[in-house]
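Along the sequence shown, residues are numbered consecutively beginning with 1.
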Amino acid sequence: MKRGFWILMLACAFLMTLSCQNKAKKNTPEAATELFAKAFYTADFAHLYQYTTKKSDAVIQQLQNGMKDNPERVEEMKNTKVEFVSTSVDNLTDSTCTCTCKVLLNSQPREDTWDLIKEDGQWKVTLVLP
């Protein structure tokens with residue numbers, strides 16, 4: 001009985017440690033950029049709101065409205081295969097940075113750079129109108 005208890009306790013401790021490491025990994029500029037990029041490249045507007053600052057909502061809304069006129073393009077984007085090659089961070093401070101993400105979109109190379117801000121303790125991409 002004691003042996004089973006200790007095995008169960010070790011398993012719980014291992015799972016808790018693993019869970020904490022995954023959560024910490026997701027709150028990095030690289031992880032935030034990759035989550036945003038995947039949503040951006042695949043026209044996943046619902047998730048774009050999660051990975052961007054509140055001030056970016058208007059930009060996403062404009063993107064969404066613009067895509068309503070081209071449903072074929074939206075469907076094409078939803079089927080885009082996204083493979084991450086590398087994500088690098090530049091100009092990192094406590095609350096801002098720039099991330100460059102190199103990807104293959106349907107085997108075609110692409111590189112984009114985004115500004116990130118720490119908002120409510122989470123790294124988020126900030127979008128601005130040109």
Decide, yes or no, whether a salt bridge links [X] with [Y] under the criterion of side-chain N to carboxylate O below 4.0 Å.
{"X": "Glu83", "Y": "Lys81", "answer": "yes"}
{"X": "Arg110", "Y": "Asp112", "answer": "yes"}
{"X": "Asp120", "Y": "Lys54", "answer": "yes"}

**OP:** Look up atom CZ in Arg73 and atom CE in Met77, then write down how far apart they are to the nearest 0.5 Å.
**Re:** 5.0 Å
Please examine the side chains of [Y] and [X], heavy atoms only from C-beta on, and report whether any two atoms are closer than 4.5 Å.
{"X": "Thr100", "Y": "Trp114", "answer": "no"}
{"X": "Lys78", "Y": "Val74", "answer": "yes"}
{"X": "Ile60", "Y": "Thr52", "answer": "yes"}
{"X": "Tyr51", "Y": "Phe40", "answer": "no"}
{"X": "Thr33", "Y": "Leu116", "answer": "yes"}

Original post:
What pairs with Ser56 under side-chain hydrogen bond (donor to acceptor under 3.5 Å, both in side chains), at least two apart in sequence or on another chain?
Top reply: Thr53
Minimum heavy-atom separation for [X] and [Y], please, with both atom names.
{"X": "Glu34", "Y": "Phe84", "answer": "O-CZ, 3.3 Å"}
{"X": "Cys99", "Y": "Glu30", "answer": "SG-N, 4.3 Å"}
{"X": "Asp94", "Y": "Lys118", "answer": "O-CD, 3.6 Å"}
{"X": "Val82", "Y": "Tyr41", "answer": "CG2-CB, 4.0 Å"}

Original post:
Hey, mind stepping through Trp123 and Cys97 against side-chain contact (heavy atoms from CB on, under 4.5 Å) and telling me if it holds?
Top reply: CA-CA 9 Å; Trp123 285 104; Cys97 70; 3.8 Å; yes
Original post:
Counting distance only, does the side-chain N/O of Asn79 pair as donor-acceptor with the main-chain N or O of Glu75 below 3.5 Å?
Top reply: yes
Original post:
Has the side chain of Lys124 got a donor or acceptor atom that lies under 3.5 Å from a matching backbone atom of Gln50?
Top reply: yes
Honestly curious: do [X] and [Y] fall in one hydrophobic cluster under the side-chain, below-4.5 Å linking rule?
{"X": "Met67", "Y": "Leu105", "result": "yes"}
{"X": "Phe36", "Y": "Leu92", "result": "yes"}
{"X": "Tyr49", "Y": "Ile117", "result": "no"}

**OP:** Decide whether Gln61 and Asp57 meet the rule of one side-chain donor and one side-chain acceptor closer than 3.5 Å.
**Re:** no
Subject >> Thr98-Asp115 side chain donor-acceptor pair, cut-off 3.5 Å >> reply: yes
**OP:** Check the pair Asn27 / Gln122 against side-chain contact (heavy atoms from CB on, under 4.5 Å), numbers first and verdict last.
**Re:** CA-CA 6 Å; Asn27 191 22; Gln122 297 291 316; 3.5 Å; yes
